[in-house]
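Report on one structure; see the data block that follows.
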Amino acid sequence: MTVRIGVIGPGGMGRAHIARIQNELAGGAVVAVSDIDAANAARVADPLGAKVFRDGGELIASDAVDAVLVSSYGPSHEESVVQAIEAGKPVLCEKPLAPTADACLRIMAAEQKAGRRLVTVGFMRRFDASYNEMKAVLSSGKLGEAILVHNRHRNPTVPESYTADMAINDTAIHEIDTMRWLLDEEIVSVRVDKPRPTRNRFPHLQDPLVLVMQTESGVLIDDEVFVNIGYGYDIQCELVMETGAVRLADQHRIERRDASGARNRITGDHNDRFDQAFNAELQQWISAVERGEHTGSTSWDGYAAAVVCDAGVQSLQSDDGRLVPVSMVDKPALYA
Ligand code: ISE
């Protein structure tokens, strides 16, 4: 069976997913598209022979659609995800599941009412080969327990529409989820430090900023988020354990050595750096939908990341960059 997928919000991310589904992955086909920009929806749908829907709700309700991929603007995710749940259709929602923990709780409530897991969150780093090798070293126990994790999340630039809190709930959210997954425990507090800002930022942004987080067992995580660094999309991570450390290799590509020295090509965006991870994530989702199963991250993961983001935004907005405790609801049985 081919999984007939409807895509809501085919912006840059959505179009990259569509190209993957159509050209690289097995078992899925994009049959429907909707976008607040009708002309964009038509541009994307026409070459695929996909149907254009006026709004996401109609796309979700259509009998021609088996599963839904939501890649619209974060604040609109909640409405589409809840509609997909109510229609009993599996939904892969790009991160953030929703920009606030309260919105994620409403999604979890709808899913619990439906009585089965239907939501997967697009936390693609869980599929990245190098992060997986790092996790395997930690799980082997050969270098002892985790003590510290140092992260760097650098973007070449962001659009002017990028708001101050997006540095946390749209950008740092990747490290927040990856750290929960890597360390297999929850984050209990967040503090946001504000270094001297770069002169290249938009005035409404604090750029860079540094999140300092602590987990239940006391692992200390730092995360430099620098979204206007200019030179490229550069993701770094070093996990320090009791008797050794593991670091993501630079850009996971070749290192060139010649008369000018040794260097790596720095990727320009997340689609390039995490291409393998996006493919693996989408393929796993399509194959699970085909089997009528749910695998991978859940609404609970979307919620857990959002709670940490909310605490981070609170710290960012406080004058003294205070440490904010993270408080979560008990995990519902559906996500046990
Ligand atoms: C964007 O939405 C992403 O997901 C990127 O991975 C991140 O680097 C960027 O800051 C976000 O805006």
Side-chain angles (χ1 to χ4, degrees), residues 7-20 69-77 80 92-100 120-131 151-182 192 197-198 200-202 204-211 222-237 248 250-252 266-282 285 296-297 301-302 305-306 308-309 312-313 316:
V7 176
I8 299 177
M13 192 69 250
R15 287 196 302 273
H17 282 330
I18 291 172
R20 291 185 180 99
L69 197 158
V70 177
S71 52
S72 50
Y73 178 54
S76 69
H77 288 180
S80 302
L92 173 63
C93 180
E94 259 311 318
K95 46 62 45 183
L97 175 57
T100 64
T120 305
V121 186
F123 287 132
M124 83 295 193
R125 290 196 194 177
R126 293 174 174 225
F127 295 85
D128 178 71
S130 46
Y131 274 114
N151 295 277
R152 300 194 179 104
H153 189 152
R154 298 180 182 158
N155 286 182
T157 186
V158 286
E160 197 167 0
S161 56
Y162 185 97
T163 55
D165 58 347
M166 283 172 79
I168 295 176
N169 57 32
D170 195 62
T171 298
I173 191 171
H174 281 297
E175 282 77 31
I176 291 168
D177 177 69
T178 308
M179 294 301 101
R180 292 184 59 248
W181 164 83
L182 174 72
V192 177
T198 166
N200 299 323
R201 81 196 199 282
F202 293 112
H204 64 276
L205 297 183
Q206 163 62 43
D207 192 31
L209 50 79
V210 180
L211 279 80
D222 56 83
D223 186 16
E224 170 203 308
V225 176
F226 198 163
V227 296
N228 284 290
I229 204 160
Y231 73 81
Y233 183 81
D234 192 3
I235 303 300
Q236 302 175 32
C237 179
L248 295 188
D250 247 4
Q251 302 285 309
H252 80 105
I266 305 282
T267 54
D269 71 16
H270 52 189
N271 279 313
D272 191 357
R273 167 63 181 84
F274 287 107
D275 186 48
Q276 165 271 323
F278 279 122
N279 274 334
E281 171 194 56
L282 269 176
W285 179 67
S297 63
D301 295 308
V308 179
C309 289
V313 169
L316 175 68

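Positions are given from 1, in the same order as the sequence printed here. Every number for a ligand or one of its atoms is a count from 1 in the order of the listing.
Using a distance-only test at 3.5 Å, with no hydrogens or angles considered, no donor-acceptor pair links the side chain of Ser71 to the main chain of Glu94. Judged purely by atom type and a 3.5 angstrom limit, His204 uses its side chain to pair as donor or acceptor with the backbone of Tyr162.
At a 4.0 Å heavy-atom cut-off, ligand 1 does not touch Met166 at all. Residue contacts with ligand 1, taken as heavy atom pairs separated by less than 4.0 Å, involve Tyr233 solely via side-chain atoms from C-beta onward.
Side-chain contact of Tyr131 with Arg125: a donor-acceptor pair under 3.5 Å is present, judged by distance alone. Judged by distance alone, the side chains of Asn271 and Arg15 never bring a donor and an acceptor atom under 3.5 Å apart.
In this structure, the protein non-hydrogen atom closest to atom 2 (O) of ligand 1 is Lys95 NZ, 2.9 Å. Counting only heavy atoms of the protein, atom 5 (C) of ligand 1 lies nearest to His270 ND1, 3.1 Å. Of the protein's non-hydrogen atoms, Asn155 OD1, 3.1 Å is the one closest to atom 9 (C) of ligand 1. Closest protein heavy atom to atom 11 (C) of ligand 1: Asp170 OD2, 3.2 Å.
Residue His174 approaches ligand 1 through these ligand atoms, each under 4.0 Å from one of its heavy atoms: 3 (C), 4 (O), 5 (C), 6 (O).
The shortest non-hydrogen separation linking Met179 to Cys237 is CE-SG, 4.1 Å.
The shortest N or O to N or O distance between His153 and ligand 1 is under 3.5 Å.
Of the residues Asp170, Asp301, Asp177, the one that meets the salt bridge (charged side-chain N to carboxylate O under 4.0 Å, His left out) test with Lys95 is Asp170.
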